[in-house]
Number of protein chains: 2
Amino acid sequence: MIIFSIFVTTIILKTVLEPQLPKFESVFSIDCVIFGFEEGVLKILLIERNDPPYKDWWALPGYFVENNESIEDAAERILYSFTGLRDIFLEQFYTFGDVDRHPQGRLITVAYYAMIRLNGKKDLKPSSPYVKKAFWYPISDLPKLAFDHTQIFEKSLQKIRRKISYQPIAFELLPEKFTLTQLQNVYEAILNKKLDKRNFRKKMLNYGILKELDEKQQGVSYRAATYYKFDRRKYNRLFQKELSFMKEN
Amino acid sequence: MIIFSIFVTTIILKTVLEPQLPKFESVFSIDCVIFGFEEGVLKILLIERNDPPYKDWWALPGYFVENNESIEDAAERILYSFTGLRDIFLEQFYTFGDVDRHPQGRLITVAYYAMIRLNGKKDLKPSSPYVKKAFWYPISDLPKLAFDHTQIFEKSLQKIRRKISYQPIAFELLPEKFTLTQLQNVYEAILNKKLDKRNFRKKMLNYGILKELDEKQQGVSYRAATYYKFDRRKYNRLFQKELSFMKEN
DNA sequence: TCGCTTAGTGTAGCACATACACCTTATATT
DNA sequence: AATATAAGGTGTATGTGCTACACTAAGCGA
């Protein structure tokens with residue numbers, strides 16, 4: 001109660017004592033690197049721009065942030081308007097602001113990456129009028145991008161490569177139920193190298209964060225693989241204190 | 001040569017074909033969390049504000065970015081104007097932009113952290129007119145901070161805790177020559193836990209990135225410790241491919 | 001020379017990473 | 001029915017690095 005009073009008093013004092021100050025008008029944007037995984041290949045979502053500058057170029061989805069919305073909200077809003085998806089793993093990773101990154105003057109952009117499940121939902125109908133079309137590009141085969149978007153993409157890749165080694169982000173790219181081989185493929189695609197099957201399985205199962213399902217693959221012309229799912233409850237229990245290479249002592 | 005021609009042509013085409021577009025006017029700031037290490041204690045540099053809003057409050061050093069300077073340059077310039085130091089390890093770690101973080105309207109701020117050597121250089125004479133004074137605060141005993149600066153500080157601490165486990169940032173806080181105990185103290189201060197002396201030394205020396213000097217401590221009233229220095233050349237040679245918990249395979 | 005204070009050292013057990021090859025299961029083909 | 005094909009699934013031996021743990025060495029001051 002006392003603490004609350006002090007808090008309120010502080011606000012009142014500040015309001016009373018500080019003269020009226022001019023209001024800021026900020027202009028800045030967000031850009032998203034949206035990763036998806038399809039047919040064993042890691043892809044990102046690109047859009048073809050409908051307006052200058054860089055009209056007709058491929059670019060990362062991104063747009064201006066409204067004055068009354070938080071950056072997070074803007075990222076979610078824009079992502080939603082491109083994919084129709086919500087509740088996505090979305091993380092800010094860097095802010096780009098080179099003086100000449102935009103022809104219309106210094107425009108800084110806050111970059112996010114997202115991981116989404118492409119459960120066959122391939123029909124992307126962008127609603128933004130400034131987008132001509134949207135397309136999933138394999139990261140190994142990207143076109144030349146508008147602005148500094150190639151640089152932004154590369155930074156995002158660096159970030160998820162590091163992140164995947166201590167956070168369960170790979171699961172975000174897969175369906176609820178997945179096989180160990182699929183999981184391994186995600187790791188291989190992100191890390192861009194082959195992993196040993198036996199060691200990978202041993203390690204993953206050892207973590208104790210996967211739940212084996214009774215279900216198996218259907219309709220494949222070879223031995224059917226067992227499905228697993230990510231056990232977020234167990235993960236949270238085990239890794240509240242986060243992994244760190246500096247262990248206990 | 002052909003590639004260069006294509007490049008030039010692209011620029012010319014873009015310039016000719018795109019209509020004149022309005023210029024942006026961005027307003028945004030940077031804030032720095034500047035870490036220093038003194039008397040075995042991890043500290044950050046705070047300033048007392050001389051102007052509203054939050055006049056007389058303690059805050060992180062930070063200011064507006066000029067329209068024609070890169071964010072990095074701004075961070076370096078502002079850091080220099082507070083400490084007189086250059087060529088500092090300086091890294092962007094997050095951008096804060098809550099709608100209500102600043103009373104004068106949405107103002108986003110790009111946050112950097114820096115590590116500096118306090119070789120006895122304690123006489124900080126801030127040159128900025130908007131700064132009343134500057135002071136090194138132990139991180140365990142910070143005052144209430146202006147804006148969302150407490151939140152910014154906490155995020156910076158998270159980041160360096162993670163970073164210290166895979167990058168040689170601890171050395172940035174120490175003088176050129178340091179003892180292993182001093183190094184351990186830095187780790188302990190950042191990670192906020194005690195480490196085992198023998199294991200710490202074994203591990204550090206095993207990395208092979210420290211160079212033992214002939215020199216020893218002077219004028220201490222106990223057994224003098226050997227000085228070491230960080231061998232950046234060796235470090236670069238060894239860790240170009242970066243550590244990663246997912247090793248070879 | 002004794003006491004205080006910090007520097008400096010080794011070993012045994014354990015957990016985890018690596019390297020590596022074959023059998024199993026399901027379907028499709030003949 | 002037999003065979004080919006394709007991926008699923010499994011174990012072991014070795015090495016490396018992390019952990020836990022306690023005493024002696026050196027330098028100085030009283």
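FYI, side chains are in, hydrogens and waters are out, and symmetry mates aren't considered; it's all heavy atoms of this structure. Order of the sequence lines sets the chain letters (A, B, ...), proteins ahead of strands, with each chain counted from 1.
Put simply, CG on A:Leu195 is 14 Å from C1' on C:dA19, counting in whole angstrom units. Between the CZ atom of A:Arg198 and the P atom of C:dT18 there is a distance of 14 Å, given to the nearest Å. Atom CG in B:Asp196 sits about 15 Å away from atom P in D:dC23, given to the nearest Å. Taking atom CG on B:Leu183 and atom P on C:dA7, their separation rounds to 13 Å, with Å as the unit. With rounding to whole Å, A:Leu205 atom CG is found 14 Å from D:dG8 atom P. Look at CD on A:Glu212: it is 11 Å from C1' on D:dG9, rounded to the nearest Å. Rounded to whole angstrom, the span from the CG atom of B:Asn206 across to the C1' atom of C:dT11 amounts to 15 Å. We find that CZ of A:Phe200 is positioned 16 Å from P of C:dA19, with the value rounded to whole Å.
In this structure, A:Phe135 and A:Tyr137 have perpendicular ring planes: the angle between them is above 60°, well past the 30° mark.
There is a side-chain donor-acceptor pair under 3.5 Å between B:Asn199 and B:Lys202.
Figure legend: A:Lys155 and A:Tyr94 shown as a cation-pi pair, the cationic atom lying under 6.0 angstrom from the six-membered ring centre and within 45 degrees of its axis.
Counting only heavy atoms from C-beta on, A:Arg201 has its side chain closest to D:dG9 among D:dG9, D:dA7, C:dA7. Comparing D:dC21, D:dG9, D:dC18 by their closest approach to the side chain of B:Lys203 singles out D:dC18. For B:Arg223, the side-chain atoms get nearest to D:dA25 when compared with the rest of D:dG8, C:dT27, D:dA25. Closest approach to the B:Asn199 side chain among D:dG11, D:dC21, D:dT10 is made by D:dC21 (side chain taken as heavy atoms from C-beta onward). Side chain of B:Lys197, nearest nucleotide from D:dG9, C:dC20, C:dG8: C:dG8. With distances taken from any side-chain atom of B:Lys202 to the nucleotides D:dG9, D:dA20, C:dT18, the minimum falls on D:dA20.
Taking CG of A:Leu183 as the start and CE of A:Met204 as the end, the distance is 5.0 Å to the nearest 0.5 Å.
Put simply, B:Thr226 has a side-chain N or O that comes within less than 4.0 Å of OP1 or OP2 on C:dG8. For B:Thr181, a side-chain nitrogen or oxygen approaches OP1 or OP2 of C:dA7 to under 4.0 Å.
Counting atom types as modelled, A:Lys216 pairs no side-chain N or O with a base atom of C:dT25 as donor and acceptor under 3.5 Å.
Residue-level contact check: A:Thr179 touches neither bases nor backbone, having no heavy atom under 4.0 Å from any strand.
Under the side-chain hydrogen bond (donor to acceptor under 3.5 Å, both in side chains) rule, A:Thr181 has a single partner from A:Lys197, A:Arg201, A:Gln217, which is A:Arg201.
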